[in-house]
Peer 1: 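Just dropping this structure here.
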Protein chains: 2
Amino acid sequence: MLSIGEFSRLTHLSVRTLRRYHDAGLLEPEDVDPVTGYRYYGGEQIPTAQVIHRLRELDVPLPDVRRILDSPDPGTRAALVADHLQRLESELDRTRTAVASLRRLLHPEPATLDVELRAVPATPVAAVEDDVDLDSVLTWYAGAMAELDAAVPDPTGPPGGLYDNALFEAGRGHVLVYRATDQPPRSGRVHAATLPAVELAVTTHVGGHDDIDVTYGELGAWVVANALVVSGPVRETYLVGPRDTADPAAWRTEIGWPVFRVAPH
Amino acid sequence: MLSIGEFSRLTHLSVRTLRRYHDAGLLEPEDVDPVTGYRYYGGEQIPTAQVIHRLRELDVPLPDVRRILDSPDPGTRAALVADHLQRLESELDRTRTAVASLRRLLHPEPATLDVELRAVPATPVAAVEDDVDLDSVLTWYAGAMAELDAAVPDPTGPPGGLYDNALFEAGRGHVLVYRATDQPPRSGRVHAATLPAVELAVTTHVGGHDDIDVTYGELGAWVVANALVVSGPVRETYLVGPRDTADPAAWRTEIGWPVFRVAPH
DNA sequence: GTGGGCCGTCCCGCCGCGGGAGGGTCAAGC
DNA sequence: GCTTGACCCTCCCGCGGCGGGACGGCCCAC
């Protein structure tokens with residue numbers, strides 16, 4: 001039987017950390033003196049401690065470590081670990097795109113922003129809409145657009161979406177994706193809707209969506225400089241998107257921000 | 001002039017976050033109403049907001065973001081950014097080794113642990129020692145060993161080190177690296193020292209140091225199973241190390257834990 | 001002038017870890 | 001037996017960056 005200090009030396013985990021792992025139910029000491037509260041560990045707990053150590057090095061949250069250790073079946077365990085590696089992978093992707101975007105941001109090409117003010121009439125469309133969290137919007141989009149495509153075999157224009165400002169401000173907001181069509185059908189989540197008539201400040205973002213907010217910013221600056229005010233959900237129209245070509249550099253996304261002129265007072 | 005809400009919509013930064021960035025001195029509003037405290041931003045602040053956004057996506061701490069933005073010279077800026085990318089890179093390395101080690105841990109080879117109990121006499125050596133933080137121990141080791149090599153041209157054995165248990169428990173402890181030699185010299189930090197006579201539980205770790213603590217654990221378990229108790233700083237002897245071959249798989253590190261027999265009571 | 005949306009400040013919680021206070025326990029040496 | 005010092009216990013706080021929520025003042029269109 002090992003005192004917590006001895007066990008700490010054997011595992012290279014600090015005493016404080018061992019106590020925390022006990023409290024969290026990750027690594028129960030083999031014995032706890034009911035009077036003094038002293039923790040006593042067994043030598044065979046060392047491998048477990050090391051697995052925990054490794055998982056923590058990979059920033060696996062304590063509750064997830066618990067789940068992994070508690071799963072008796074090695075297959076389940078492996079799946080949970082693989083899950084986490086997957087998460088690390090996607091985080092790495094996020095980092096990569098952020099680095100690339102930062103590079104572009106610090107070495108900007110001369111801005112060739114082409115903004116057009118366009119009055120858009122009310123438009124009947126087939127749409128799918130919902131309240132969505134910002135971090136699940138991509139998944140939601142894929143599902144909604146697939147359903148939309150199935151229901152609208154002969155669209156009369158490129159796909160698009162309306163994104164509530166709250167989505168970016170509060171991390172959750174109303175999202176609507178649509179396809180223009182002559183006879184809006186109704187099936188599943190797909191229903192007929194009408195995009196309201198608005199005046200749009202429109203520009204086109206070229207390339208992947210990693211730094212689309214730069215274009216958003218430039219468009220916003222243009223709107224401000226022209227004494228306009230944004231109002232209502234932004235519209236994106238996917239002129240050329242992943243469905244057209246796998247090369248993000250070729251994508252064309254039209255961004256339209258509903259605006260109205262500030263009354264000069 | 002833009003209210004904080006409008007600026008938030010234009011930059012995809014939440015209102016709360018913008019306020020925090022103001023408090024932290026990262027992004028001062030162009031104007032603050034002295035009476036109401038209302039913040040007003042200018043359109044030309046959008047690009048700055050986006051740079052901050054990107055740096056935060058890379059987990060650059062706010063004070064560092066401040067330093068980057070405050071440096072007027074683009075060269076300095078680039079250097080600071082490169083610094084951070086470097087840090088991300090090394091973190092990635094850490095992750096990679098942790099993943100590899102975890103894999104080994106979950107699919108263990110049959111343990112072939114060969115432990116020897118060895119009485120070691122007092123040994124005169126040339127040494128460099130210091131109190132070191134755990135996260136700077138590798139750097140310290142490189143410098144100390146280089147100095148040691150320069151001062152001891154004809155060592156009579158492989159290099160080694162003594163590592164205070166506190167280094168692992170508290171993150172900081174006393175470290176001593178040494179080379180055996182007939183005539184211990186004195187130059188710079190190098191001085192004569194004597195390793196005390198101890199009884200060592202000794203085993204050899206094969207491979208890189210990524211999962212050396214697994215061997216530590218196995219050795220510890222052996223010590224416990226044989227009714228021994230560890231006492232004093234662990235000794236590592238680098239039989240085959242990076243100075244000998246670049247292939248970590250070929251490294252041999254002898255780990256010796258001072259022990260004494262528990263009095264049977 | 002009034003309502004509702006916007007803005008302000010302040011405090012709390014999250015996560016995993018360490019620092020530190022304040023007090024009880026164990027074991028070696030007398 | 002007793003003292004001493006190392007060891008162990010619990011409890012609270014701070015870190016960093018963000019969000020949630022309370023509470024109150026401000027702005028503007030009706």
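These numbers were taken from a predicted model, which means no experiment stands behind them. The chains referred to below are lettered A, B, ... by the order of the sequence lines, with proteins before strands, and numbering in each begins at 1.
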Peer 1: Can you check the R56(A) CZ to dG18(C) P distance for me, whole Å?
Peer 2: 11 Å

Peer 1: Which pairs with one or both residues in residues 39-74 of chain A pass ring-ring contact (aromatic ring centres under 6.0 Å, His included), sequence neighbours excluded?
Peer 2: F7(A)-Y41(A)

Peer 1: Excluding sequence neighbours, so at least two apart, what forms salt bridge (charged side-chain N to carboxylate O under 4.0 Å, His left out) with D70(B)?
Peer 2: R66(B)

Peer 1: Starting at atom CG of L58(B), determine the distance to atom P of dG17(D), rounded to an integer number of angstrom.
Peer 2: 14 Å

Peer 1: Please list, chain by chain and in numerical order, all residues satisfying salt bridge (charged side-chain N to carboxylate O under 4.0 Å, His left out) with D59(A), sequence neighbours excluded.
Peer 2: none

Peer 1: I'd like to compare against my own output: the B/S/- annotation of nucleotides 25-30 of chain D with a strict under-4.0 Å heavy-atom distance to protein.
Peer 2: BBS---

Peer 1: Under the rule for side chain to side chain contact (heavy atoms under 4.5 Å, CB included), what residues qualify as partners of Y141(B), not counting sequence neighbours?
Peer 2: M145(B), Y163(B), V177(B), Y238(B)

Peer 1: Report the residues that fulfil side chain to side chain donor-acceptor pair (under 3.5 Å) with T203(B), sequence neighbours left out, ordered by chain and then residue number.
Peer 2: none

Peer 1: Roughly, in whole Å, what's the span from CE in M1(A) to C1' in dC26(C)?
Peer 2: 16 Å

Peer 1: Extract all donor-acceptor atom pairs below 3.5 Å that involve side chains of residues 82-90 of chain B and protein atoms in other chains or at least two apart in sequence.
Peer 2:
{"from": "H84(B)", "atom 1": "NE2", "to": "D64(B)", "atom 2": "OD2", "distance (Å)": "2.9"}
{"from": "S90(B)", "atom 1": "OG", "to": "R87(B)", "atom 2": "O", "distance (Å)": "2.9"}

Peer 1: Pick the nucleotide of DNA chain C nearest each of V60(A) and E6(B); which residue has the one closer to the 5' end?
Peer 2: E6(B)

Peer 1: Residues in ring pair (Phe, Tyr, Trp, His ring centres under 6.0 Å) with H12(A), at least two apart?
Peer 2: F168(B), Y216(B)

Peer 1: Measure the distance from CG on L167(B) to P on dG18(C) and round it to the nearest whole Å.
Peer 2: 13 Å

Peer 1: Run the side chain to side chain contact (heavy atoms under 4.5 Å, CB included) test against E129(B) and tell me which residues pass, sequence neighbours left out.
Peer 2: H174(B), L176(B), H191(B)

Peer 1: Rounded to whole angstroms, how far apart are CG on L2(B) and P on dC7(C)?
Peer 2: 11 Å

Peer 1: Would you say that D164(A) contacts V175(A) through its side chain, given a criterion of any heavy-atom pair below 4.5 Å between the two side chains?
Peer 2: no

Peer 1: What residues form a side chain to side chain donor-acceptor pair (under 3.5 Å) with D133(A), not counting sequence neighbours?
Peer 2: R172(A)

Peer 1: Within residues 8-31 of chain A, find the residues that approach DNA chain C with a heavy atom at under 4.0 Å, and present them sorted by residue number.
Peer 2: S14(A), R16(A), T17(A), R20(A), Y21(A)

Peer 1: Give a yes/no on whether any side-chain N or O of R39(B) is located under 4.0 angstrom from OP1 or OP2 of dC7(C).
Peer 2: no

Peer 1: Would R96(B) and D93(B) pass as an ion pair if we require N to O under 4.0 Å?
Peer 2: yes

Peer 1: In whole Å, I'd like the distance from the CD1 atom of I4(A) to the C1' atom of dC8(D).
Peer 2: 8 Å

Peer 1: In whole angstrom, give the distance that lies between atom CG of L62(A) and atom P of dG16(C).
Peer 2: 4 Å

Peer 1: Measure the distance from CG on D133(B) to C1' on dG18(C) and round it to the nearest whole Å.
Peer 2: 13 Å

Peer 1: Kindly calculate the angle separating the two end axes of the helix from dG1(C)-dC30(D) to dC30(C)-dG1(D), each obtained from five base pairs, and round it to 10 degrees.
Peer 2: 30°

